[in-house]
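In what follows, a single structure is set out as C-alpha cells and then discussed.
Numbers here simply count residues along the sequence, with the first being 1.
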Amino acid sequence: MHNLSTKYIFVTGGVTSSLGKGIVSASLGLLLKSRGYNVTIQKLDPYINIDPGTLNPYEHGECYVTEDGAETDLDLGHYERFLNSQTSRDNNVTTGRIYQTVIEKERRGDFLGKTVQVIPHITNEIKRRIKILGEKDYDIIITEIGGTVGDIESLPYIEAVRQLKWELGDRDSVVIHLTLLPFLSSSGELKTKPSQHSVRFLMESGIMADVLVCRAEHEIETGIRKKLAQFCNVDLKNVIECMDMDTIYEVPLALKKQGFDDVVLDTLGLSKEKTANLENWMDFLKKYKNPTKKVRIALVGKYVGLQDSYKSISEAFIHAGAWLETEVQISWIYSGDIKEDNVSDIFGEVEGLLIAPGFGDRGIEGKVTAIQYARENKIPVLGICLGMQMMAVEFARNVLSLEGANSVEFDSETPYPVISLMEEQKEVVKRGGTMRLGAWDCVLEKGSVLEKIYGKENISERHRHRYEFNSQFTDSFKMYGMVPSGKNPNTGLIETIELKGHPFYVGVQYHPEYKSTVASPHPLFISFIRAVSEK
Ligand code: GLN
C-alpha cells in the first residue's frame with residue numbers, strides 16, 4: 001500500500017524479565033494493523049534449544065504450534081490472537097537454530113579458510129533471520145528480543161540490532177525499550193534509576209532507544225516522565241506508560257491513548273492518515289467485562305501449577321466467553337489428585353470439564369476417573385489431544401469392558417491399545433520436531449455434532465502429538481454410541497470422537513485453542529461454553 005521499504009521495529013527489555021514484551025509487541029502490532037499496515041511479529045529467543053518443543057511447560061509455559069508445524073514460544077500465540085493473522089516458523093528463532101545453521105554451513109565448506117566467529121557469522125545469521133520476514137509482503141516487522149539487556153546470551157542479538165539499525169538508517173528502524181519503574185511504598189515513589197541503567201547499557205552497546213515503554217504499578221507523573229526523557233535521551237512524548245491492567249486486552253487501548261502508534265509511525269516516517277478502527281476490539285472488551293452469565297469449568301491437567309502451560313486454552317475461553325457474554329471461571333485441577341473416592345467432591349461445583357493435552361503418564365489415571373464421572377453424570381466435557389485419547393481409553397475400559405485398555409504411550413504391553421503409534425512413528429528416534437505437527441485437514445461426518453458446531457464438513461486444525469486413535473476399535477466404539485466423526489481425508493486417521501445421548505461429549509485429536517483469536521473465537525469453545533451454560 002505504501003510502496004516504501006519494509007520498516008523494522010525492535011523491542012528490547014530491561015531491568016527484569018516477564019515485563020510483557022510479548023503483549024506490548026502484540027499491542028503495537030494490533031494498533032499498526034488497525035491503521036492499515038501489514039504487520040508481522042517475530043520473537044528471537046536466546047536459549048540453545050532448537051525450539052521449545054522439547055521443553056517442559058514449567059520452563060517456558062505452553063509450546064505454541066503454527067500452521068506450518070513449528071513448535072514455538074507462547075508469545076506467538078499472543079501475536080496471532082491480537083492480530084488475527086497467522087505466523088510461521090520464520091516468526092520464532094532461537095540461538096540453537098542460529099548456531100545449527102552456521103555450523104551446518106561451516107561443515108558444508110561455505111566459510112572455507114575462515115575462522116567462524118560470533119561476529120560476523122552469528123550476527124549475520126541473526127540479521128538474515130530478521131530480514132527473511134522483510135522478503136514477504138509486510139510493511140512492518142516487529143522483532144521482539146527475548147531476555148533482558150545485559151544477559152550474556154542476548155549480546156549477539158543486541159549487536160545484530162545495532163548493525164541493522166546502522167544499515168537501515170533511522171527512518172527505517174526504531175528501537176523500543178521496555179523497562180520497569182519499581183514503586184517504593186515507603187517513600188511512595190516510582191524509581192527511574194534501574195531504567196536509566198538499562199538504557200545506558202543499551203547505549204554502551206551502541207543502541208539508542210527511540211521509545212521507552214515503562215511498566216509501573218502507578219501512574220507516571222510528568223516530573224518523572226521528564227526525568228526519564230532527559231536521562232534516557234528520548235523525547236518526552238516518547239515516554240509511554242504501561243500500567244498493570246485487569247486484562248492484557250486493555251493494553252493496546254491504554255498505549256493508544258498516549259499516542260504510542262503515532263510516536264512509532266512518526267519515527268519511521270510513515271503516514272498517520274488512516275485512523276485506527278478498534279471498534280470490534282472495544283466491543284469484545286465491553287462484552288468480556290460485562291458478562292450476563294457465568295459458568296464454572298474445571299481444567300484437568302498436570303501442569304496446572306503454571307497456568308501459562310495452558311495459555312491458548314485459557315485465552316480461547318476468554319474469546320468465546322466474551323462472544324457469549326459469559327464469564328468463564330476456570331478451576332485448575334491437578335489430575336494426579338483425582339481418585340474415585342474424591343471425584344464427586346472435586347467436581348461437585350463445576351459445570352463442565354476440559355481434559356487438557358499433555359505428555360507422560362503422571363496424572364493419567366486421574367484424567368480417566370474425571371472423564372468417567374463426566375460421562376456418567378452427563379456433565380459437558382471437551383477433551384483435547386491427550387484429553388481425547390484418555391476419553392477413548394476410559395470408554396474402552398468402562399463401556400466396552402476391555403480391561404487394561406490404554407494408550408501405548410503409557411503401557412506398551414496393553415492387550416487393548418486403543419491409542420497406538422503409526423508405523424512411521426515407530427521408527428522415530430529423535431525427539432525434537434518429529435511429532436504430527438501443524439495444520440491437517442479433517443472431514444466431518446454429515447449430521448455429526450462437530451459438523452453442526454463448525455457449520456461445515458471440511459475443516460483444518462493444528463496438531464501436536466505422536467499417538468493416534470487405533471482404527472481397529474472404530475466398529476466397537478460405534479456400536480456403543482461413540483462416533484468417530486472426523487477423519488483425515490488422506491490417511492483415514494481419526495481426528496474426533498463424540499458420544500451420542502450426552503449433552504456434550506467431544507474429544508478432538510487436534511488443538512482448536514491455537515486458532516482462537518479475539519476477532520474470531522473458536523466455534524468449538526463457543527459451543528462447549530453454550531452447552532455448559534444450558535445444562
Ligand atoms: N502425549 C500424546 C501424544 O503424543 C498427546 C499429546 C498432546 O496432548 N499434545 O500423542
Side-chain angles (χ1 to χ4, degrees), residues 8-22 24-25 41-52 55 59-60 72-73 75 90-106 110-111 114-134 141-170 172-180 193-213 215 231-234:
Y8 290 84
I9 298 174
F10 303 103
V11 181
T12 60
V15 184
T16 81
S17 57
S18 306
L19 287 182
K21 273 192 303 254
V24 169
S25 303
I41 316 179
Q42 175 189 48
K43 170 99 187 263
L44 304 181
D45 274 311
Y47 53 72
I48 317 242
N49 303 63
I50 299 291
D51 61 41
L55 292 176
E59 296 273 321
H60 271 274
T72 70
D73 187 78
D75 275 338
D90 291 335
N91 292 68
N92 191 197
V93 179
T94 68
T95 295
R97 202 176 281 286
I98 299 280
Y99 271 79
Q100 187 186 44
T101 311
V102 172
I103 290 168
E104 275 167 11
K105 283 187 181 164
E106 186 274 336
D110 289 13
F111 310 118
K114 292 270 179 260
T115 309
V116 181
Q117 295 178 294
V118 174
I119 300 171
H121 300 96
I122 296 299
T123 45
N124 281 350
E125 179 58 19
I126 296 173
K127 289 193 289 180
R128 190 182 73 82
R129 296 279 182 167
I130 295 172
K131 290 197 288 193
I132 281 179
L133 287 171
I141 317 282
I142 302 176
T143 298
E144 176 191 346
I145 318 285
T148 309
V149 292
D151 294 349
I152 290 176
E153 53 248 40
S154 298
L155 289 174
Y157 293 97
I158 298 295
E159 169 59 13
V161 170
R162 184 196 68 76
Q163 291 183 18
L164 265 180
K165 239 201 141 197
W166 181 80
E167 287 165 28
L168 293 163
D170 282 343
D172 281 345
S173 63
V174 44
V175 172
I176 297 173
H177 190 58
L178 176 62
T179 80
L180 171 73
K193 195 74 83 190
S195 300
Q196 294 181 40
H197 281 303
S198 83
V199 169
R200 180 163 308 158
F201 189 89
L202 259 186
M203 271 195 248
E204 280 170 24
S205 314
I207 298 175
M208 289 269 270
D210 300 292
V211 183
L212 278 189
V213 177
R215 277 296 297 272
F231 288 103
C232 300
N233 251 327
V234 298

Inset, instruction - State which residues pass salt bridge (Lys or Arg N to Asp or Glu O under 4.0 Å) with K131; sequence neighbours excluded, sorted by chain then number. - result: E167

Legend entry - Shortest non-hydrogen separation from T94 to D51 and the atoms involved: CG2-CA, 4.2 Å

Legend entry - Interatomic spacing from CZ in R200 to OG in S205 - rounded to 0.5 Å: 13.0 Å

Inset, instruction - Give the intermediate values and the outcome of side-chain contact (heavy atoms from CB on, under 4.5 Å) for residues I158 and I207. - result: CA-CA 8 Å; I158 298 295; I207 298 175; 3.6 Å; yes

Inset, instruction - Give a yes-or-no answer on whether the side chains of Y157 and T95 include a donor-acceptor pair shorter than 3.5 Å. - result: yes

Inset, instruction - Using modelled atom types only, decide if a donor and an acceptor are shared between the side chain of S173 and the backbone of G169 within a distance under 3.5 Å. - result: yes

Inset, instruction - Calculate, to the nearest 0.5 Å, the distance between atoms CD1 and NE2 belonging to I98 and H121 respectively. - result: 14.0 Å

Legend entry - Minimum heavy-atom distance between V15 and S195, given as atom pair plus value: CG2-N, 4.1 Å

Inset, instruction - For the residue pair D151 and P46, establish whether any side-chain heavy-atom pair is separated by less than 4.5 Å. - result: no

Legend entry - Candidate pair T143 and I9, rule side-chain contact (heavy atoms from CB on, under 4.5 Å), full reasoning: CA-CA 6 Å; T143 298; I9 298 174; over 6 Å; no

Inset, instruction - Supply the atom-to-atom distance I145 CD1 to I126 CD1, rounded to the nearest 0.5 angstrom. - result: 8.0 Å

Legend entry - Contacts of type ring pair (Phe, Tyr, Trp, His ring centres under 6.0 Å), residue Y99, not counting sequence neighbours: none

Legend entry - Separation of D172 CG from L164 CG (nearest 0.5 Å): 11.0 Å

Inset, instruction - Check each of N91, N92, D73 against K43 using the side chain to side chain donor-acceptor pair (under 3.5 Å) test, and report the only one that passes. - result: D73

Legend entry - Heavy-atom pair of closest approach, residues Q163 and I119: NE2-CG2, 4.2 Å

Legend entry - Verdict with reasoning, M203 to N233, per side-chain contact (heavy atoms from CB on, under 4.5 Å): CA-CA 10 Å; M203 271 195 248; N233 251 327; 3.8 Å; yes

Legend entry - Any side-chain heavy-atom pair of I176 and V213 under 4.5 Å: yes

Inset, instruction - Measure the shortest side-chain to side-chain distance between I130 and L44 over non-hydrogen atoms and say whether it is less than 4.5 angstrom. - result: yes

Legend entry - P52 side chain reached by Y47 side chain, heavy atoms, under 4.5 Å: yes

Inset, instruction - Might you point out which heavy atoms bring H177 and S198 nearest each other, and give the distance in Å? - result: NE2-OG, 2.8 Å

Inset, instruction - With sequence neighbours left out, write down each residue that passes side chain to side chain contact (heavy atoms under 4.5 Å, CB included) with I50, or none if nothing qualifies. - result: R97, Q100

Legend entry - Non-hydrogen side-chain atoms of D210 and K165 separated by less than 4.5 Å: yes

Legend entry - Residue that, paired with Q42, satisfies side chain to side chain contact (heavy atoms under 4.5 Å, CB included) out of D75, V93, V11: V93

Inset, instruction - Spell out, as yes or no, whether a donor-acceptor pair under 3.5 Å connects the side chain of D110 to the backbone of E106. - result: no

Inset, instruction - Give the minimum heavy-atom separation between V102 and F111, together with the two atoms involved. - result: O-CE1, 3.5 Å

Legend entry - Atom of L19, atom of G14 and distance for their closest heavy-atom approach: CD1-O, 3.3 Å

Inset, instruction - Could you please spell out the steps behind the side-chain contact (heavy atoms from CB on, under 4.5 Å) verdict for Y8 and V174? - result: CA-CA 7 Å; Y8 290 84; V174 44; over 6 Å; no

Legend entry - Note: R129-E125 ion pair, threshold 4.0 Å (strictly below): yes

Inset, instruction - For the residue pair V175 and V161, establish whether any side-chain heavy-atom pair is separated by less than 4.5 Å. - result: yes

Legend entry - Test item: V211 and V234 side chains (from C-beta on) under 4.5 Å apart, heavy atoms: no

Inset, instruction - Kindly compute the distance separating CD (Q196) from OG1 (T179), expressed to the nearest 0.5 Å. - result: 10.0 Å

Legend entry - K21 side, atom NZ; R215 side, atom CZ - distance, nearest 0.5 Å: 12.0 Å

Legend entry - K105, NZ: over 12 other non-hydrogen atoms inside 6.0 angstrom: yes

